[in-house]
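Have a look at the structure below before the remarks.
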Amino acid sequence: MKKFILLSLILAVVTVLLAPLWKLSPVSAAQSSKGKRVDARAIYNRQCAKCHKEDGKGLESLAPPDFTNPEWQASQTDQQITDGIKEGKGVMPGFKELLSAQEITALVKYVRSFGPKSKAKKK
């Protein structure tokens, strides 16, 4: 009986100590580290690559936009991309409850990195 009570007490203490960690997703952990650079690639790979693929071309079966397409890049403002990430579009869920404003801004820049590289002006 004493072993059962001791084991229950230990289990309760461990549960109380670890409960906050179970609630933290990797994204939440990134949000809590203020002042540090957001790893947009890691967020993209974790949240977006399942449908948009790592190369940004997207799964054909879902018909997401091809981020590597220069016409798509030219047709979208940063605000439109931001709104799409926040609110979702079509089958894509919104991420406004999951990602911070800083993470969404970093994702917009990362999505832009799939587009054509701007040529440096020659002097």
Side-chain angles (χ1 to χ4, degrees):
M1 183 70 174
K2 288 182 182 181
K3 286 183 182 180
F4 177 74
I5 293 172
L6 181 61
L7 184 59
S8 297
L9 182 60
I10 291 171
L11 184 59
V13 170
V14 169
T15 302
V16 168
L17 293 175
L18 294 180
L21 297 177
W22 288 326
K23 291 181 182 179
L24 284 178
S25 69
V27 173
S28 297
Q31 290 173 354
S32 66
S33 57
K34 293 181 181 179
K36 291 189 179 181
R37 187 172 166 218
V38 173
D39 188 352
R41 177 182 289 192
I43 296 168
Y44 179 89
N45 287 338
R46 186 172 47 252
Q47 303 294 343
C48 311
K50 294 173 269 201
C51 300
H52 292 281
K53 295 175 53 178
E54 283 189 41
D55 64 4
K57 292 182 185 253
L59 289 172
E60 287 184 37
S61 62
L62 294 176
D66 177 354
F67 297 150
T68 66
N69 182 320
E71 286 124 21
W72 182 86
Q73 288 280 345
S75 73
Q76 299 295 305
T77 65
D78 287 354
Q79 188 60 53
Q80 287 173 309
I81 297 170
T82 299
D83 292 344
I85 294 169
K86 284 181 178 178
E87 303 300 327
K89 188 171 185 179
V91 297
M92 178 182 147
F95 289 90
K96 65 183 173 189
E97 301 296 325
L98 188 62
L99 300 174
S100 70
Q102 183 182 9
E103 289 168 323
I104 291 171
T105 299
L107 274 177
V108 170
K109 290 178 184 175
Y110 191 75
V111 166
R112 289 293 190 200
S113 75
F114 289 110
K117 308 302 179 233
S118 61
K119 296 177 182 176
K121 293 181 182 179
K122 294 182 181 180
K123 292 183 180 181

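The basis for the numbers below is simple: all heavy atoms, side chains too, and nothing from hydrogens, waters or symmetry mates.
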Could you work out, with side-chain hydrogen bond (donor to acceptor under 3.5 Å, both in side chains) as the rule, every residue matching N45, not counting sequence neighbours?
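None.
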
Just to verify, what does K57 make a side-chain hydrogen bond (donor to acceptor under 3.5 Å, both in side chains) with, not counting sequence neighbours?
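Partners of K57 under the side-chain hydrogen bond (donor to acceptor under 3.5 Å, both in side chains) test: none.
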
Among residues at least two apart in sequence or on other chains, which ones pass side chain to side chain contact (heavy atoms under 4.5 Å, CB included) with K109?
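Once residues adjacent in sequence are excluded, the partners of K109 under the side chain to side chain contact (heavy atoms under 4.5 Å, CB included) criterion are T105.
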
Mind checking what makes side chain to side chain contact (heavy atoms under 4.5 Å, CB included) contact with T77, not counting sequence neighbours?
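For T77, the residues satisfying side chain to side chain contact (heavy atoms under 4.5 Å, CB included) (neighbours in sequence not counted) are Q79, Q80.
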
Distance-only criterion, 3.5 Å: show the donor-acceptor pairs between side-chain atoms of residues 85-93 and protein atoms not counting sequence neighbours.
residue, atom, partner, partner atom, Å
E87, OE1, K96, NZ, 3.1
E87, OE2, K96, NZ, 3.4

If I take atom CZ from residue F95 and atom CD from residue Q47, how far apart are they, to the nearest 0.5 angstrom?
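Reported value, rounded in 0.5 Å steps: 5.0 Å.
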
Ignoring hydrogens, what is the shortest heavy-atom contact between [X] and [Y]? Give both atom names and the distance.
X	Y	answer
E103	L98	OE1-O, 4.3 Å
G58	P64	CA-CG, 3.6 Å
A40	A106	CB-O, 3.5 Å

[X]: partners by salt bridge (charged side-chain N to carboxylate O under 4.0 Å, His left out), with sequence neighbours left out:
X	result
R41	none
E54	none
D55	none
K50	none

Please check if the side chain of Q73 supplies one atom and the backbone of T68 the other of a donor-acceptor pair under 3.5 Å.
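Flag not set: sc Q73 to bb T68 has no pair under 3.5 Å.
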
For L62, the rest of its hydrophobic cluster, which grows through side-chain links under 4.5 angstrom:
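Once heavy-atom contacts under 4.5 Å are chained together, L62 belongs with L59.
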
Provide the full list of salt bridge (charged side-chain N to carboxylate O under 4.0 Å, His left out) pairs with a residue in residues 60-78, sequence neighbours left out, each pair given once.
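Listed once each, the pairs are D78-R112.
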
Applying ring-ring contact (aromatic ring centres under 6.0 Å, His included), can you list everything that pairs with Y110, at least two apart in sequence or on another chain?
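With neighbours one apart ignored, the set is Y44, F114.
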
